[in-house]
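Report on the following structure.
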2 protein chains.
Amino acid sequence: MFELDVRSRQPIYEQLIEKMKEMIVRELWQPHDQLPSVRAMAKQLMVNPNTIQKAYRELERDGWIYSVPGKGSFVAARPKEPNAEAIAAVHEQFIRLVKEARFLGVTNEQLWQWIIEGEEEEENNDSTRRRDENV
Amino acid sequence: MFELDVRSRQPIYEQLIEKMKEMIVRELWQPHDQLPSVRAMAKQLMVNPNTIQKAYRELERDGWIYSVPGKGSFVAARPKEPNAEAIAAVHEQFIRLVKEARFLGVTNEQLWQWIIEGEEEEENNDSTRRRDENV
DNA sequence: CAACCGTACTATAACTAATAGTACACTTAA
DNA sequence: TTAAGTGTACTATTAGTTATAGTACGGTTG
């Protein structure tokens with residue numbers, strides 16, 4: 001699935017949040033897919049269940065997953081209405097990054113190329129987009 | 001100049017690094033401009049000199065500023081050769097951010113708009129580019 | 001009922017951030 | 001030469017965060 005670097009300066013729970021976001025963004029995890037339980041994930045990644053729980057809690061707070069006590073945790077449905085708050089947060093980071101890139105000599109054409117590259121990779125994952133939305 | 005949020009979850013020295021990078025990227029601070037001394041900056045921002053020193057140390061390590069013992073700290077010259085390492089780091093963050101934005105429903109056209117917006121703002125700063133706008 | 005599930009606690013150790021203070025070598029100007 | 005200001009490197013302490021360990025409770029499922 002993915003691996004964590006327990007020696008990293010970045011906290012484990014933050015690494016986990018990023019990895020799980022990536023699985024959802026790349027649609028390797030589909031809406032309403034059941035996630036590994038807190039205890040199972042802890043066992044698999046060999047970290048403490050409380051650390052997993054912390055990551056799950058933040059992901060739920062930000063709308064990436066939802067949890068049902070007694071049943072499990074699941075990938076959230078993709079919001080139909082654009083999430084203005086989330087987009088604003090990404091926008092702010094994006095602007096800051098573009099300025100830094102431009103300062104380093106990266107041209108707009110190169111930035112555009114970076115955007116296109118990501119899109120091509122995403123299209124390769126289209127085969128998985130056919131959804132079986134059971135559960 | 002700028003302000004810090006001492007109550008933020010983000011460490012003070014990290015906030016300071018970001019703010020100073022922004023001053024350099026937006027060219028409000030020019031190469032070889034002298035920066036406020038560690039002690040002066042600490043006094044102005046009302047934080048501990050050691051915290052300032054930590055930020056300066058990292059900025060120097062990453063090539064944003066340079067320090068001369070006994071003289072002071074200064075904005076580094078813009079590297080003539082593209083800094084491949086720094087660009088790669090920005091590229092990685094950029095890709096991750098684009099994917100998240102696209103997941104939130106942001107189109108390529110909007111991403112391009114975000115890039116252009118930043119460029120227009122930068123051009124507006126061109127008029128101030130001749131003045132010594134320090135501290 | 002038994003075995004799962006999420007969730008909420010307490011407690012502890014390790015690490016980091018921030019502060020306070022001291023010291024030293026260097027540069028500059030009086 | 002002296003005094004003030006500079007970066008830099010330490011020690012020590014406090015506060016907060018991270019990760020661990022363990023316990024407990026209610027809901028769900030077979």
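Naming: A, B, ... by sequence-line order, numbering from 1 per chain.
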Results of side-chain hydrogen bond (donor to acceptor under 3.5 Å, both in side chains) for Asn83(B) - residues two or more places apart only: none
For Asn108(A) and Trp112(B), which heavy atoms make the closest approach, and how far apart are they? O-CZ3, 3.7 Å
In whole Å, I'd like the distance from the CE atom of Met41(A) to the C1' atom of dG6(C). 14 Å
Can you pull out the residues from residues 11-19 of chain A that lie within a 4.0 Å heavy-atom distance of DNA chain D? Pro11(A), Ile12(A), Tyr13(A)
Give every donor-acceptor pair under 3.5 Å between a side-chain atom in residues 63-80 of chain B and any protein atom, sequence neighbours left out.
| unit_1 | atom_1 | unit_2 | atom_2 | d |
| --- | --- | --- | --- | --- |
| Tyr66(B) | OH | His32(B) | ND1 | 2.9 |
| Ser67(B) | OG | Ser73(B) | OG | 3.0 |
| Arg78(B) | NE | Phe103(A) | O | 3.4 |
| Arg78(B) | NH1 | Glu27(B) | OE2 | 3.2 |
| Arg78(B) | NH2 | Phe103(A) | O | 3.4 |

In whole angstroms, how far is the C1' atom of dG6(C) from the CD1 atom of Ile52(A)? 14 Å
Take the protein atom CG of Asp5(B) and the nucleotide atom P of dA17(C), then report the distance between them rounded to whole Å. 17 Å
Can a donor-acceptor pair be found, under 3.5 Å and without considering hydrogens, that links the side chain of Asp33(A) to the backbone of Gln30(A)? yes
For Asp5(A), does its backbone N or O pair with a side-chain atom of Gln15(A) as donor and acceptor, under 3.5 Å? yes
With a 4.0 Å cut-off, would you call Arg61(B) and Glu58(B) a salt bridge? yes
Can you check the Asn50(B) CG to dT22(C) C1' distance for me, whole Å? 11 Å
Taking Arg57(B)'s backbone N and O only, do any of them form a donor-acceptor pair with Glu60(B)'s side chain (distance below 3.5 Å, no angle check)? no
Looking at every non-hydrogen atom in both residues, tell me the closest pair between Leu16(A) and Ala55(A) and how far apart they are. CD2-CB, 3.6 Å
Return the 5'-most residue of the pair Val6(A), Arg39(A) with respect to DNA chain D, ranking by each residue's nearest nucleotide. Val6(A)
Distance check: side-chain N/O of Asn48(B) vs OP1/OP2 of dA20(C), anything under 4.0 Å? yes
Separation of Gln53(B) atom CD from dT22(C) atom P, in whole Å? 17 Å
Outermost DNA chain D nucleotides near chain A [under 4.0 Å, heavy atoms]: dT18(D) to dT29(D)
Atom of Pro36(A), atom of Met41(A) and distance for their closest heavy-atom approach: CG-CE, 3.9 Å
Could I get the full list of salt bridge (Lys or Arg N to Asp or Glu O under 4.0 Å) partners for Glu18(A), not counting sequence neighbours? none
Between Glu92(A) (side chain) and Ala89(A) (backbone), is there a donor-acceptor pair under 3.5 Å? no
Which residues within residues 56-77 of chain B lie with some heavy atom under 4.0 Å of an atom in DNA chain C? Pro69(B), Gly70(B), Lys71(B)
